[in-house]
A.B. asks: 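Next up is a structure, given as structure tokens.
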Amino acid sequence: MSLLTMTGVSKRYGGVRALDGASFELEAGEVHGLLGPNGSGKSTLNKVLAGTVNPDAATIVLDGRPVEIRGPRDAAARGIAAVYQQLSLVDSMTVGQNLVLGVEPSRAGFVSNRASAAEIDAVLERMRRGLGPGVTAGTEVSGLSPGQQQLVEIAKAVLRKPRILILDEATASLHRDQVNLVFEIVRELTAAGTCVVFTSHRLEEVRTICDRATILRTGRTVATVTVAETTESELVRVMVGDVAQPERRTATPSTDEVVLRVRNLSAPGVHGIDLDVHRGEILGLGGLQGQGQSELLLALFGATATPSGEIDVNGRRVTNSSVVRATGNGFALVPGDRGSQGLFMQRSIQENLSIVSLRRRLLAALGISMRKERTVAEDAVQRLRIKIGGLDDPVTTLSGGNAQKIVIAKWLLNEPAVVLLDDPTKGVDISAKAEIYSIIRELSSAGVAVILNSSDDVELAELCDRVVVLYEGRVRTHLVGDEITSENLVSAALLIGEGDQGTVEEQPAAADGGAR
Amino acid sequence: MSAVPATTDRTAARLRQAARNPVVIASLIAIALVVVGQLVSPGFGSYNQIISMLRIASFLGIIAIGQTIVILSGGDGIDLSVGKVATLGAIIGARVMDGTDANLAGGILIPLVVGAAIGLVNGLGIVYLRIPPFVMTLGMLGVVQGIILAYTGGTAAGRAAPFLTELVNTRWLLGAPGVLFLWVLLIVVVTLVLRRTRPGWNLYAVGSNRTAARLSGIRVNATVIGAYVASGVCAVLAGLALLGYTESVFLNLADDYTLPSIAAVVIGGTLIAGGVGGYLGSAIGAVVLSVLQSLLTTLNMPESHRTIVNGVILLALLALYGRQRKLRS
Ligand SMILES: Nc1ncnc2c1ncn2[C@@H]1O[C@H](COP(=O)(O)OP(=O)(O)OP(=O)(O)O)[C@@H](O)[C@H]1O
Ligand SMILES: [Mg+2]
């Protein structure tokens, strides 16, 4: 008998059918993938199961008995815990406080099922490898990177000892070694009979961890497959139909011409960085996450206090002392956390798309032409294939991947000369990823300098002509061309961590760019 | 299940949305209040009576322009000094005008500059000294009170210019005084500025997410400071209109307008957390409060009861809006 079945799950938002009679079925002790393109209803289905969304219709059978899940507490009482796509920790509270937040004391009133301090320490210790040495129950959440916060969210769900654990793109902002840690924990849980519902756009992860997978398309279940018996291309075909797989970077005819030249850049979290991005080249930032990649991008973008150093764009010295100036100098940043840094959640999709580039389309500050804004926004939506209800809907109505595309689109509309990307395809589905990759390549061959930070090694390998590996805010290693493989990236990141540098060339970026 | 055509879906959705729109709700409440007034006291809903209630509403409405902008700017934005600033504007205006049209221009411009300066100080303190808006503007209220006492020596002098009095008190077109037309013009202009200019869009962005606004190349500090300057200017504008209404000034002329101005914004559906809302709602909120006030007066309700009824209605509306926001998801 299966642990849980859901059938005929439907949910409509206004005119949008998020779920249209979807169904799926879970066994105890399995990892069940929930796959599908952006906006196919994965998160909505997860939320119905976790009690945070009220479905219009649904039949849920748990342990052979029909049940109704009336709310998050109801779900928790039935042993269902969820980690959502958006970070939901309370910033101003400590890790420990967040971990017990929302856990109700049991009915009897005496025995509390609140996690004890010992349990909290144990789970943090279990996560130590991914969290880094500094994070304890007393650490305030606001100081943690998105990846660390994500791990804390997972710890929070694990602490509740769920029978069904939902991980909705919980690995999207995690680096490979952190993902492996999560997988270890998942395997421990499933060995003890827990069922894990796993959603991710990284097929590789799905193939590693999932036993079976249910595939959604436009709110309907199209197939349930046994992962081991299904090839990757079959999976992709069921999910999105036939798409051109993102091909590996073709060696771009790189020139000696330096588009972006950075010398001795220092800012909080980064020290003495030298970089050169040549025309037609995409520069990647590698290393363990949290080694200064995001800080480097923010510093280049004028968003951190008092950066020092020199930045030249096409031979012209620029001073990015503030974001306003950096934007004026043609810089664009797609930041690491779309919710807190990239989007105006309650505002319309239209405004979110227009806001950065608005000034280009105005004569004075006055008189926005809605017709012009609409055309521009519609073009962008089409170009990035963003799935939206209407331009006037608030961004909160978008699925995670589509929201991410809005952040990318708003900067593209500004026609930047230097594009800084901090994990830009986080939560984006494969076909859209291919789309974004080709846009990035187009930008780069059109002479735009592109710097890409990614938590996904495969992505770095696929896109970048050169990768600098960061460690503690310094450039430690360069990988060039064919050296950029997942294996090399991991070992470069880890070797450095063990203080074993010098195995890879250690020359300034300037020296090798043109030599290939 | 999927037989419902998408178009009816859309229309129904749109209708449901309209029924939840605070501007619509507030308008319906205003109309309902007038109807109730007409029932209990025939003549309450007469054209002249309505015009006169709208005239009273315009003072509150003009103050609420600034309050709306400040609240929209987010970061717990609020301006508790508006009432006092309006009073100060009227006091300076009266002194400069001194009852003659010859001094009209100075009598309007000088108070406006003072209002802008006060708003600027509010904004600078909030942005650069990181003083919470509540505290900063409350402090400013005290400072302005001091300035008023120092400036007047305890007795206000001067008189409104005749033109100003005429603008507010003389029926002009369609039996309505000029100040009503001015207000309608302001409603249109402010709404256009908010919805169709870059500063307007920036204001919403800043109110909705300051970090994202900064990372989008928006001048967040300038936008916030600008909001408080606008609030100071609008408060003075309302103070001057009120001066036209009363002709001579009192030391506490507009002091009691502060809390109603916040209430009007809230009734109009602007999110107190910032980033969502607009001025049309606040203007209708001002009408609701003014009609309610005259209704309670008509009913001969004692002041204490009036205050309670006012408060209860505000809380009821807030609860209603809050519930709907939850229902939406
Ligand atoms: N609160 C909401 N209001 C309106 N529409 C919504 C809302 N939440 C989701 N939707 C819509 O429902 C559809 C399904 O969204 P959902 O978040 O479930 O997709 P998803 O499969 O998780 O996608 P992603 O991979 O991008 O996270 C989307 O078209 C989305 O725009
Ligand atoms: Mg999702």
Side-chain angles (χ1 to χ4, degrees), chain A residues 8 10 12-17 20-21 52-54 56-57 298 301-303 322-328 331-335 337-348 351-352 354-359 361-362 364-370 373 390 394-397 407 410-411 414, chain B residues 1-17 20 72 74 189 191-223 226 269-278 325-329:
Chain A
S10 296
R12 218 170 56 184
Y13 292 104
V16 181
R17 285 172 203 283
D20 194 3
T52 48
V53 160
N54 262 335
D56 300 332
L298 287 170
F301 196 52
S322 69
V323 175
V324 177
R325 300 198 57 172
T327 324
F331 281 63
L333 170 73
V334 174
D337 187 40
R338 61 175 167 263
S340 68
Q341 302 175 313
L343 293 169
F344 307 103
M345 280 297 181
Q346 314 117 311
R347 304 305 306 173
S348 67
E351 281 175 45
N352 272 276
S354 288
I355 194 82
V356 170
S357 52
L358 198 53
R359 72 146 44 101
R361 296 183 292 275
L362 300 179
L366 305 162
I368 294 172
S369 149
M370 282 317 286
E373 296 306 315
V395 172
T396 41
T397 62
V407 183
K410 77 169 181 181
W411 280 108
N414 204 35
Chain B
M1 198 191 232
S2 49
V4 196
T7 41
T8 22
D9 266 26
R10 286 253 154 184
T11 331
R14 220 170 274 163
L15 270 179
R16 248 177 288 134
Q17 215 167 344
R20 289 196 295 229
L72 279 177
V189 169
T191 303
L192 277 180
V193 167
L194 289 178
R195 308 267 180 219
R196 289 288 180 277
T197 69
R198 204 156 79 93
W201 284 31
N202 286 351
L203 180 74
Y204 282 114
V206 166
S208 155
N209 183 343
R210 289 210 174 161
T211 307
R214 194 170 61 92
L215 290 178
S216 299
I218 294 171
R219 294 176 201 273
V220 174
N221 289 349
T223 306
T270 293
L271 214 58
I272 207 80
V276 178
R325 223 158 260 139
K326 214 182 266 167
L327 282 181
R328 218 167 296 172
S329 66

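Here is the naming used below: chain letters follow the sequence lines, and residue numbers restart at 1 for every chain. Computed from a predicted model, the values in this text were never measured in an experiment.
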A.B. asks: Are any of the side-chain heavy atoms of A:Lys410 and B:Ser216 separated by less than 4.5 Å?
C.D. replies: yes
A.B. asks: Taking only residues two or more places apart in sequence or in another chain, which ones pass salt bridge (charged side-chain N to carboxylate O under 4.0 Å, His left out) with A:Arg347?
C.D. replies: A:Glu351
A.B. asks: Mark yes or no for whether B:Asn209, through its side chain, and A:Leu343, through its backbone, hold a donor-acceptor pair below 3.5 Å.
C.D. replies: yes
A.B. asks: For B:Arg198 and A:Leu358, indicate whether the former's side chain and the latter's backbone hold a donor-acceptor pair under 3.5 Å.
C.D. replies: no
A.B. asks: Count the heavy atoms belonging to other residues, nucleotides or ligands that lie under 6.0 Å from CZ of B:Arg195, then report whether that count exceeds 12.
C.D. replies: yes
A.B. asks: Mind listing the closest non-hydrogen atom pair of A:Gln346 and B:Leu271 along with its distance?
C.D. replies: NE2-CD2, 3.7 Å
A.B. asks: If you count heavy-atom pairs under 4.5 Å with chain B, which of A:Ser354, A:Ser340, A:Gly342 comes out on top?
C.D. replies: A:Ser340
A.B. asks: Taking every heavy-atom pair that is under 4.5 Å apart, which of A:Val356, A:Asp337, A:Val324, A:Val53 has the most such pairs with chain B?
C.D. replies: A:Val324
A.B. asks: Answer with yes or no whether the side chains of A:Gln341 and B:Thr211 bring together a donor and an acceptor at under 3.5 Å.
C.D. replies: no
A.B. asks: Could you give the distance from CD (A:Glu373) to CH2 (B:Trp201), rounded to the nearest 0.5 Å?
C.D. replies: 5.0 Å
A.B. asks: Checking heavy atoms, do the side chain of B:Ile218, its backbone, both or neither come under 4.5 Å from chain A?
C.D. replies: both
A.B. asks: Between CZ of A:Phe344 and CZ of B:Arg210, what distance do you get to the nearest 0.5 Å?
C.D. replies: 12.0 Å
A.B. asks: Can you give me the closest heavy-atom contact between B:Leu215 and A:Leu298, atom names plus distance?
C.D. replies: CD2-CD2, 4.1 Å
A.B. asks: Nearest 0.5 Å, what's the CG-OH distance between A:Asn352 and B:Tyr204?
C.D. replies: 14.5 Å
A.B. asks: What I'd like to find out is whether the side chain of A:Ile355 reaches to under 4.5 Å of the side chain of B:Asn202, using heavy atoms alone.
C.D. replies: yes
A.B. asks: Roughly how far apart are A:Ser322 OG and B:Arg219 CZ, rounded to 0.5 Å?
C.D. replies: 7.0 Å
